[in-house]
Peer 1: 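Quick one: structure below, then a few questions.
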Amino acid sequence: MSQANNTNKVKTNKVKNANKAENANDTSDTGNQYRKQIQQAKFQLSAPTFKLCPADTGKEVAFAGRSNAGKSSAINALTNQRQLARSSKTPGRTQMINFFTIGDDEQTRLVDLPGYGYASVPEEMKRKWQVELEEYLVERESLAGLVLLTDIRHPLKFFDEQMLHWAKDGGLPVHILLTKADKLKYGASKNALLKTKRTLQKLDLPVSIQLFSALKKEGLEELAEVMGKWLELDENNKQETP
Ligand SMILES: Nc1nc2c(ncn2[C@@H]2O[C@H](COP(=O)(O)OP(=O)(O)O)[C@@H](O)[C@H]2O)c(=O)[nH]1
Ligand SMILES: [Mg+2]
């Protein structure tokens with residue numbers, strides 16, 4: 001790219017950033033490039049247990065969170081596909097682990113884990129699922145990172161922390177989304193972010209964290225940037241027409 005083009009690009013970004021000052025990261029070029037690739041996500045398969053999931057090769061990023069945390073909405077917003085992760089209206093029903101490939105590359109996957117925390121799920125089922133989940137987080141070789149979604153109005157509930165400890169044990173990087181950030185005013189959401197960061201420091205959990213709103217489509221590039229690095233997507237995969 002020529003010098004002039006570069007300068008123009010920087011200028012354009014500056015304008016974009018000024019318009020959207022609170023979301024400076026949202027206009028990162030790398031995040032944008034990664035997001036374009038992530039938008040090519042395709043449904044691969046649904047598995048009732050981890051034994052039936054795709055071969056443990058390549059790289060995958062998993063999404064986890066309590067039921068209702070906004071997981072389906074986040075995946076749909078990120079991939080710009082309204083129905084990719086169906087937003088379940090049936091709380092507590094037996095849920096599947098859903099796998100998506102990035103484009104046709106079966107070696108690069110997104111994983112939508114069943115939501116946890118439904119009171120109506122029988123204890124026995126909950127325990128079984130938790131054992132499986134821990135095994136998956138600790139042992140899955142292809143799992144490159146975990147995106148943990150937690151509602152900004154009541155972040156990091158007991159089982160979220162449990163997940164974070166398992167991830168730490170397995171040496172698995174975690175990126176937290178404080179979801180539904182649009183439910184709070186700007187100042188309040190920033191405060192919630194700071195407070196949660198401090199809690200994580202106290203718990204000695206070295207994870208990254210950001211504000212996120214599927215509704216307002218905020219935080220998508222920031223998330224894509226983290227995921228792209230984990231999945232080792234090609235940041236130079238410019239899909240511009242010449
Ligand atoms: N205000 C707001 N509501 C959201 C957002 N994301 C999800 N929701 C709502 O929260 C509820 C649960 O969302 P869903 O994506 O199905 O959560 P899941 O159970 O974690 O998959 C639904 O009523 C969504 O419309 C968001 O960014 N902002
Ligand atoms: Mg869902």
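We count ligands from 1, going down the list as the structure has it; atoms in each ligand are counted the same way. On a predicted model such as this, the values are computed, not experimentally measured, just so you know.
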Peer 1: Would Glu60 and Arg140 pass as an ion pair if we require N to O under 4.0 Å?
Peer 2: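 Here Glu60 pairs with Arg140 in a salt bridge, since their nearest N and O are under 4.0 Å apart.
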Peer 1: Counting from 1, what ligand 1 atoms have a heavy atom of Ala69 closer than 4.0 Å?
Peer 2: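 In order of numbering, the contacting atoms are 20 (O).
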Peer 1: Mind checking whether Asn68 has an N or O less than 3.5 Å away from an N or O of ligand 1?
Peer 2: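 For ligand 1, there is an N or O atom that lies under 3.5 Å from one belonging to Asn68.
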Peer 1: Under 6.0 Å between ring centres, would you say that holds for Trp166 and Phe159?
Peer 2: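 Under 6.0 Å, so yes.
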Peer 1: Do Thr101 side-chain atoms and Asp104 backbone N/O form a donor-acceptor pair below 3.5 Å?
Peer 2: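 No.
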Peer 1: Are the charged groups of Lys71 and Asp112 less than 4.0 angstrom apart, N to O?
Peer 2: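 Asp112 and Lys71: salt-bridged.
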Peer 1: Would you say Gly65 contacts ligand 1, with heavy atoms under 4.0 Å as the rule?
Peer 2: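 It does not; every heavy atom stays at 4.0 Å or beyond.
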Peer 1: Which ligand 1 atoms, with their elements, are less than 4.0 angstrom from a heavy-atom of Lys71?
Peer 2: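 Close to Lys71: 15 (O), 17 (O), 18 (P), 20 (O), 21 (O).
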Peer 1: Looking at ligand 1, does Thr179 have a heavy atom less than 4.0 Å from it?
Peer 2: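 Flag not set, Thr179 not near ligand 1.
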Peer 1: Output the list of atoms in ligand 1 that are nearer than 4.0 Å to some heavy atom of Ser213, sorted by atom number.
Peer 2: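 Numbered from 1, ligand 1 contributes 27 (O).
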Peer 1: Hey, quick one: are Leu45 and Tyr136 part of the same hydrophobic cluster, counting side-chain heavy atoms closer than 4.5 Å, chains of contacts allowed?
Peer 2: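 Shared cluster, yes.
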Peer 1: Do Gln107 and Thr57 get their side chains close enough for a donor-acceptor pair, meaning under 3.5 Å?
Peer 2: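 Side-chain D/A pair, Gln107 to Thr57: present.
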Peer 1: Taking 2.8 Å as the cut-off, does an N/O/S atom of Ser72 lie below it from the Mg ion (ligand 2)?
Peer 2: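 Yes, since at least one N, O or S atom of Ser72 sits under 2.8 Å from the Mg ion (ligand 2).
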Peer 1: Would Leu215 count as being in polar contact with ligand 1, using the rule that some N or O on each side must be under 3.5 angstrom apart?
Peer 2: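 For ligand 1, there is an N or O atom that lies under 3.5 Å from one belonging to Leu215.
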Peer 1: Taking non-hydrogen atoms only, is Lys216 closer than 4.0 angstrom to ligand 1 via side chain, backbone, both or neither?
Peer 2: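 Neither; no heavy atom under 4.0 Å.
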Peer 1: Could you see which bit of Asp182 sits under 4.0 Å from ligand 1, with heavy atoms only: side chain, backbone, both or neither?
Peer 2: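 Contact part for Asp182 vs ligand 1: side chain (C-beta onward).
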Peer 1: Less than 4.0 angstrom from a charged side-chain N to a carboxylate O is my criterion; do Lys168 and Asp204 meet it?
Peer 2: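 Looking at Asp204 together with Lys168, the answer is yes, because their closest N to O distance falls below 4.0 Å.
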